[in-house]
Q: 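Got a structure for you, written out below as structure tokens; questions coming shortly.
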Number of protein chains: 2
Amino acid sequence: MPDPVDSALVHALHGRRRDRPPVWFMRQAGRSLPEYRALRVGTDMLDACLDPAMAAEITLQPVRRHRVDAAVFFSDIVVPLRLAGVDVAIEPGRGPVFAEPIRTAAQVAQLTSIDPGAVAEAAAPVHDAVAIAVAELAATGTPLVGFAGAPFTLSAYLIEGGPSKEHLRARAMMHADPASWHRLAGWLAEVSAAFLQVQVGAGASAVQLFDSWAGSLSRADYLEFVAPHSRAALAPLRGRVPAIHFGVGTGPILADMRLQDADGVGVEGVGVDWRVPLDEAAAVLGPDTTVQGNIDPAMLQAPWEVLAAHVDDVIALGRSARAHILNLGHGVPPDTDPDVLTRLVAYAHGELG
Amino acid sequence: MPDPVDSALVHALHGRRRDRPPVWFMRQAGRSLPEYRALRVGTDMLDACLDPAMAAEITLQPVRRHRVDAAVFFSDIVVPLRLAGVDVAIEPGRGPVFAEPIRTAAQVAQLTSIDPGAVAEAAAPVHDAVAIAVAELAATGTPLVGFAGAPFTLSAYLIEGGPSKEHLRARAMMHADPASWHRLAGWLAEVSAAFLQVQVGAGASAVQLFDSWAGSLSRADYLEFVAPHSRAALAPLRGRVPAIHFGVGTGPILADMRLQDADGVGVEGVGVDWRVPLDEAAAVLGPDTTVQGNIDPAMLQAPWEVLAAHVDDVIALGRSARAHILNLGHGVPPDTDPDVLTRLVAYAHGELG
């Protein structure tokens, strides 16, 4: 059987380029698929994430349908917090909502007194879901990308108690009470690291750290308050599997998204949103980083010829990088026509002539 | 009586720097003030905007309370669309909602068949509100900043039918049907221009064009599909009053936000959000542009000493520009303690020692 370590995705993350970039889509598993919506009827989001058979099935649906070159584990960034015992729910149409927002030093102290190891102990459903998906993917050697939220994005939800536009409370805590901020972010890094390690232990061939809201930060704040914790979240994976780091609106901090340590060693891949052309991204990221992206999700609504020309552009600009993984510039919008995604994969694979 | 043309704000916009930057706050008139919330009880948002006495009073409230160096006209970016006869409402907690989203070429053709001059004809309440406010401001020579939304941000609401995160439908129309896009954006530019002209005709001493969502665009899309229309919205004001142009997340397109024409003539001032330090902004904007900004709204929640140090930084970095207008990096958050803003103005005026 083909080994996922020999997959185009893993090769690309190690800087080995093939004729065509491998392709997958952020949020490919989920609401855009009718088979997902059918399966989820009557099941709460976080319950679905923690039902091994269901989470595995949802992970596999887009691979079967679209023939993408990677699966991404179906989960939510707050799942490790739920596993750690935090009272959190996903409200449909709104997002994660916490019973108790974490705003004071005392609340931070109480939350961070939970052993992050609790995540690993409670994570059997996550391990099993990944293992089921990896077993089915083995026939084609398709790699599975593990999934976790970065400490800043998690903290933005935790501190606000739910979704927010500009994450004012999280950004305020950095300056108003830096000790509590670093304590919270450090704890979240351990929680996300534990969540990723479970997935890699069950067979994930790569991981992606989502810092969706990193683009809301000034560069100075990003470097001082965020990057060290994101680096810590990925540290236990180094040398085991390659890592991709993604955020939205990160143009001004793209080089910092490499999360390089003192020796200049950082993540293998950086995801680029739709705003920054990939040749500019490659110039900023340099010769040691693979780029991932950056089809504009808005283009999925355009006529096929317009979308195909846009994809041609993205692939052409991606040749500036050491290697390229074709993806969207953000997640699949829920109202996307799945047939467009299937056609797009075939097109990227050169199967449409 | 002092003439608002001799105010620190207008001087700053013409590049004439004084010892201390003038200060005002985007969204200073509104929900952060208890006197605003009391006045608005029982009155719909758009009705309040079109009640001359009420809109003038709301415009004046923060000037009296905080002693800011400029009033900004209390209105909403969709008011000129309401004046043009479009069926739109502001839903509390959500934002502008349109009865009929504008998504097809036929809908664009129908909407844009409305004469933009209808705005000027229906704008007596806006004229009167500005005139009342300007009359009261005359005693102190405080200038009033006129207010309008830019074509892209307006179109994002119109095409989605309401608020959206990444404005996919508006960005899709640019590529899927460029002719309709340009027709719609061109019409919106005329509508916003008419709205601004009414305010200037009633005594506004400067104008600010808000393109809140411009930061969601790639630079290529901004230059091709948006900047020409924003420039057109401001063109009728050129030579009459100075203009400020503001958007959020515009770091990568900051120089383009100057909206320079073929002769290199652009807006007098560019508003900078909290992400970009003002010395970097000044370097990008060059010697012919005044900077406005960019106190991080998150810092309004921090202890006073932390906020004051941040304001010191902003003022120090603003010295790199030809002139500086002190403001927030985005609007006043609704839950802001108004006493913090009052203290901040006194601090900026050097009244706290």
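In what follows, every chain begins at residue 1, and chains take the letters A, B, ... in the order their sequences are listed.
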Q: Counting heavy-atom pairs under 4.5 Å to chain A, which of B:A176, B:A172, B:S216, B:P297 comes out on top?
A: B:S216

Q: Quick check: closest heavy atoms across A:P338 and A:L33, and the distance to 0.1 Å?
A: CB-CD2, 3.8 Å

Q: Tell me if the centroids of the rings in A:F210 and A:F147 come within less than 6.0 Å of each other.
A: yes

Q: Name the region of A:D335, side chain, backbone, both or neither, that has any atom closer than 4.5 Å to a heavy atom of chain B.
A: side chain

Q: Anything in residues 269-285 of chain A with a heavy-atom distance to chain B below 4.5 Å? Please list those residues in order.
A: A:W274, A:R275

Q: Looking at chain A, which one of B:G251, B:P303, B:A220 has the largest number of heavy-atom pairs inside 4.5 Å, strictly under?
A: B:P303

Q: Below 6.0 angstrom between ring centroids: does that apply to B:F225 and B:H182?
A: yes

Q: Have a look at A:I315 and tell me which of A:D313, A:V311, A:L317 forms a side-chain contact (heavy atoms from CB on, under 4.5 Å) with it.
A: A:V311

Q: Within the 3.5 Å criterion, strictly below it, is a donor on B:D312 or B:Y347 matched to an acceptor on the partner's side chain?
A: yes

Q: Counting only heavy atoms closer than 4.5 Å, note whether A:R219 contacts chain B via side chain, backbone, both or neither.
A: backbone

Q: Is the side chain of A:R343 donor-acceptor paired with the backbone N or O of A:V340 at a distance under 3.5 Å, no angle test?
A: no

Q: Any ion pair linking A:D177 and A:R103 (charged N to carboxylate O, less than 4.0 Å)?
A: no

Q: Using the six-membered ring wherever Trp is involved, compare the ring planes of B:F246 and B:H330 and label them parallel, tilted or perpendicular (cut-offs 30° and 60°).
A: tilted

Q: So which of B:G249, B:A309, B:G329, B:G215 has the biggest tally of heavy-atom pairs under 4.5 Å with chain A?
A: B:G215

Q: For chain A, find which of B:R169, B:H310, B:K165 contributes the most heavy-atom pairs closer than 4.5 angstrom.
A: B:R169

Q: Find the one option among B:P252, B:A298, B:A170 whose heavy-atom pairs under 4.5 Å with chain A are most numerous.
A: B:A298

Q: Does the side chain of B:W213 come under 3.5 Å of the side chain of B:E166 through a donor N or O and an acceptor N or O?
A: no

